[in-house]
Amino acid sequence: MSPKATVLPVECREIQLSSRPIGRPTSENFRLTASMLPDLQDGQVLVRNQFMSVDPYMRGRMNDVKSYSAPFRLDAALDGGAVGEVIASRSDAHKVGDVVVHQLGWRELAVVDAAATTPVPSGLAPTSAFLGALGMTGLTAYAGLLKVAEFKEGDVVFVSGAAGAVGSMVGQIAKASGASKVIGSAGSADKVARLLELGFDAAFNYNDGPVLEQLREAAGERGIDVYFDNVGGEHLEAALATLTVGGRVAMCGAIAQYNSTEPPVAPRNLALAIGKQLTLRGFLVGGQRQHAAEFAGKMAGWLADGTIRYDETIVDGLENAPQAFIDLLDGANTGKMLVRL
């Protein structure tokens, strides 16, 4: 162990889930507390977290229901993506000073198995980018569009939640890959303006009128070939009506219904998938890791030459992480929502 690690922290602050939300989460569902750190074992590192991610999928884990990811436990720290500096190591894989990505966010310090970390190369981008454009967010966009939706050059692509972390990447990757038109939806005039700055060919505010009407106007007679769905509900219904024969849908998220206490009504036109011979494929980024190396190389190049840009909404302080998460579900972020610790 490094001499610097002789005086190590023995406790850390963390955010626990104190109760399960019903509908929209509130601050009362969370608790800021301190807990004792476990002793560092062979093969482990102690990480001082610099940034943590809050993501829409975390809302589902707050419910006590069986899903693709285990529910958060009550009265225990939440978890999620984080990046930080190794301040003590009992692993040959990492030395003090290394920067790593891991899954023990929602706390200021984390004892992590070295095998469960990903090293961050120095000089490529700010460390926060490895939770966003160069991390799981970017891989979700890349694999979802190019592998799951089987994007082809010349396709017309529609992205919902397009000003969010994943959506903004999807639109730019589509343009970089030869889309003939990229359309995005967002929830404010400022976000729509930002999408146009990022190279989207058309964008609309879904609060300005029915999604179907605005999508049809943006797409024109051609319609759309690919829909990258981050929202579900009315957006998915509109996309089904606008997709061309043989169109493809990558189903990434359904944020419009994450806080709903009633079953969703839309899409009411799912039968269109039959006559149009559509493909609707749900996916998880965990099932796309085989594309990680390809993605990392492509994205590093795109970021370096300015082909792709990314936005971050940064909230300071662990104590503000619950509100950052709540605001994320309300659409307060442009790009990746992060908490700086």
Side-chain angles (χ1 to χ4, degrees), residues 24 55-57 59-60 137 140-141 144-145 148-149 151 155-174 179 181-196 198 200-220 222-244 247-273 276 278-284 328-335 337:
R24 182 179 182 271
D55 301 289
Y57 81 87
R59 177 62 187 86
T137 296
T140 299
L145 177 70
V148 177
F151 169 88
D155 278 345
V156 176
V157 176
F158 172 46
V159 189
S160 58
V166 171
S168 58
M169 291 286 106
V170 171
Q172 294 180 84
I173 292 169
K181 180 184 282 188
V182 176
I183 304 162
S185 71
S188 73
D190 287 345
K191 289 182 178 182
V192 166
R194 180 56 179 159
L195 293 178
L196 297 176
L198 290 175
F200 282 66
D201 298 290
F204 62 85
N205 180 350
Y206 57 77
N207 292 309
D208 285 348
V211 174
L212 177 57
E213 291 180 9
Q214 297 192 78
L215 177 57
R216 278 180 168 160
E217 181 178 353
R222 162 75 182 273
I224 61 174
D225 303 295
V226 169
Y227 172 46
F228 194 104
D229 190 15
N230 291 306
V231 175
E234 183 186 0
H235 277 79
L236 178 55
E237 186 169 281
L240 291 171
T242 313
L243 279 158
T244 57
R248 291 92 66 205
V249 179
M251 303 179 71
C252 180
I255 197 170
Q257 60 203 55
Y258 286 166
N259 288 334
S260 178
T261 57
E262 298 293 330
V265 174
R268 296 162 295 188
N269 58 347
L270 188 57
L272 287 176
K276 290 187 174 185
L278 305 179
T279 300
L280 284 71
R281 290 181 62 190
F283 76 101
L284 303 174
L328 169 78
L329 295 178
D330 289 340
N333 60 303
T334 299
M337 179 72 95

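Sequential numbering from 1 along the given sequence is applied to the chain's residues. In this text, all values refer to a predicted model and were calculated from it rather than measured experimentally.
For the residue pair Ala219 and Thr242, the shortest heavy atom distance occurs at CB-CG2, 4.1 Å. The two atoms that bring Gln214 and Gly209 nearest to each other are NE2-O, 3.1 Å, heavy atoms only. In plain terms, the two heavy atoms of Phe158 and Gly184 that are nearest each other are CE1-C, 4.3 Å. When all heavy atoms of Pro267 and Leu240 are compared, the pair lying nearest together is CB-CD1, 3.8 Å. The two residues Ala186 and Leu195 come nearest to each other via the heavy atoms CB-CD1, 4.1 Å. A pairwise comparison of heavy atoms in Ala241 and Leu212 identifies CB-CD1, 3.8 Å as the closest pair.
The structure places CG of Asp208 at 11.5 Å from CD of Glu213, a figure rounded to the nearest 0.5 Å. In this structure, Ile183 CD1 and Ser160 OG are separated by 12.0 Å, a value rounded to the nearest 0.5 Å. If you take CZ on Arg248 and CD1 on Ile224, they are separated by 10.5 Å, rounding to the nearest 0.5 Å. Rounding to the nearest 0.5 angstrom, the gap separating the CG atom in Leu243 from the CG atom in Leu272 is 9.5 Å. The line from CZ of Arg59 to CG of Leu329 is 7.5 Å long, rounded to the nearest 0.5 Å. Here Asn333 contributes atom CG and Lys191 contributes atom NZ; the two are 5.5 Å apart, rounded to the nearest 0.5 Å.
With hydrogens and angles disregarded, a donor-acceptor distance shorter than 3.5 Å links the side chain of Gln172 to the backbone of Ser168. Looking only at distances, a side-chain donor or acceptor of Asn205 sits under 3.5 Å from a matching main-chain atom of Asn207. Judged by distance alone, with hydrogens and angles left aside, the side-chain atoms of Glu234 form a donor-acceptor pair with the main-chain N or O of Val211 at under 3.5 Å. The backbone N or O of Val156 lies less than 3.5 Å from a partner atom in the side chain of Asp225, making a donor-acceptor pair.
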*May I have the step-by-step check of side chain to side chain contact (heavy atoms under 4.5 Å, CB included) for Lys276 and Thr244, ending in yes or no?*
CA-CA 7 Å; Lys276 290 187 174 185; Thr244 57; over 6 Å; no

*Step by step, would you call Arg24 with Asp330 a side chain to side chain contact (heavy atoms under 4.5 Å, CB included)?*
CA-CA 9 Å; Arg24 182 179 182 271; Asp330 289 340; 2.5 Å; yes

_Would Leu278 and Val249 count as a side chain to side chain contact (heavy atoms under 4.5 Å, CB included) here? Give the steps._
CA-CA 8 Å; Leu278 305 179; Val249 179; 5.6 Å; no

*Pair Thr140-Phe283, side chain to side chain contact (heavy atoms under 4.5 Å, CB included): steps then yes or no*: CA-CA 9 Å; Thr140 299; Phe283 76 101; 4.0 Å; yes

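With sequence neighbours excluded, no residue satisfies ring-ring contact (aromatic ring centres under 6.0 Å, His included) with Phe200.
Looking at Val159, Leu145, Val182 one by one, the single match for side chain to side chain contact (heavy atoms under 4.5 Å, CB included) with Ile173 turns out to be Leu145.
Under the 30°/60° scheme for interplanar angles, the aromatic rings of His235 and Tyr206 are found to stand perpendicular.
Using a 4.5 Å heavy-atom cutoff, the side chains of Thr334 and Asp190 are not in contact.
Donor-acceptor pairing under 3.5 Å is recorded for the side chains of Tyr227 and Asp229.
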